[in-house]
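Below is one structure, written out as C-alpha cells, with a few remarks after it.
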Amino acid sequence: RGYLLQEMSSRNRSNPLFGASSRDKARRTEVELAERENNAEIDALSDQVALLKSITQDLNRDVEEQNLFLEKMGSGFAGAGQVIGKTMTSLDTMSRSGGTRFAILIIFAIVGTFLLFWWFTSKEKTINDPSIP
C-alpha cells in the first residue's frame, strides 16, 4: 500500500493535470491555447517583418542605383554645358567678325533645319498613313 501511495504522488508531480480540479485543468488548457495562438501570431508577424525587410532592402538598392545614374547624368550635362558654352563663344566671335552676312547665314541655317525636320516628319506621316496626300 505504501508503494501505491508513493506511485500516485510521483504521478501527481509528473503530470500536473492528474488529481487537479476540472477548473484548474480548464485554466491550464486555456493558457496553453493562448500560448499557441500567441506563438502563431508571433510567427506570422516575423514573416511580415522579414518581407518588409526584403522590400526595404530592394528599395534601398534601387535608390542607390538611381542616385548613381543621376550623378552620371549630372556630369554628362555639365560636359554638354561646357561644349555649348564653347560653341556660343565661337559663334559670338564669328558674328563679330562676319557682321550682317553671318547673321543672314545663321537665319537661313535655322530656317533650313526647320524645313528639313518638317519635311521628314510629314514624309513619316505619309508612310504610316497612306490616306494622307
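Only heavy atoms go into these numbers, but all of them, side chains included; no hydrogens, no water, no symmetry mates. As the structure is a computational prediction, the values presented were derived from the model and not from experiment.
Hydrophobic clustering of Ile, Leu, Val, Met, Phe, Trp and Tyr side chains at less than 4.5 Å, counting indirect connections, keeps I106 apart from F114. Grouping the Ile, Leu, Val, Met, Phe, Trp and Tyr side chains by contacts below 4.5 angstrom, directly or via other members, places M88 with I110. Hydrophobic clustering, with ILVMFWY side chains joined whenever heavy atoms are under 4.5 angstrom apart, keeps L59 apart from V49.
Sorted by first and then second residue, the salt bridge (charged side-chain N to carboxylate O under 4.0 Å, His left out) pairs involving residues 44-59 (not counting sequence neighbours) are D58-R61.
For the atom pair CG (L105) and CZ (F108), the distance works out to 9.0 Å, reported to the nearest 0.5 Å. The distance from atom CG of N60 to atom CD1 of I55, rounded to the nearest 0.5 Å, is 13.5 Å. Atom OG1 in T89 sits 11.5 Å away from atom CD1 in I84 (nearest 0.5 Å). Here the straight-line distance linking atom CG of N67 with atom CD of E64 works out to 8.0 Å at 0.5 Å rounding. Atoms CD and CZ, from E32 and R28 in turn, are 9.0 Å apart once rounded to the nearest 0.5 Å.
Hydrophobic clustering, defined by side-chain heavy atoms of Ile, Leu, Val, Met, Phe, Trp and Tyr closer than 4.5 Å, groups F77 together with F69, M73.
The side chain to side chain contact (heavy atoms under 4.5 Å, CB included) check on T113 picks up F117, with sequence neighbours excluded.
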> Is there a side-chain contact (heavy atoms from CB on, under 4.5 Å) between L68 and E65 once you walk through the steps?
Replying inline: CA-CA 5 Å; L68 182 62; E65 288 173 2; 5.7 Å; no
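Using a distance-only test at 3.5 Å, with no hydrogens or angles considered, a donor-acceptor pair links the side chain of T29 to the main chain of K25.
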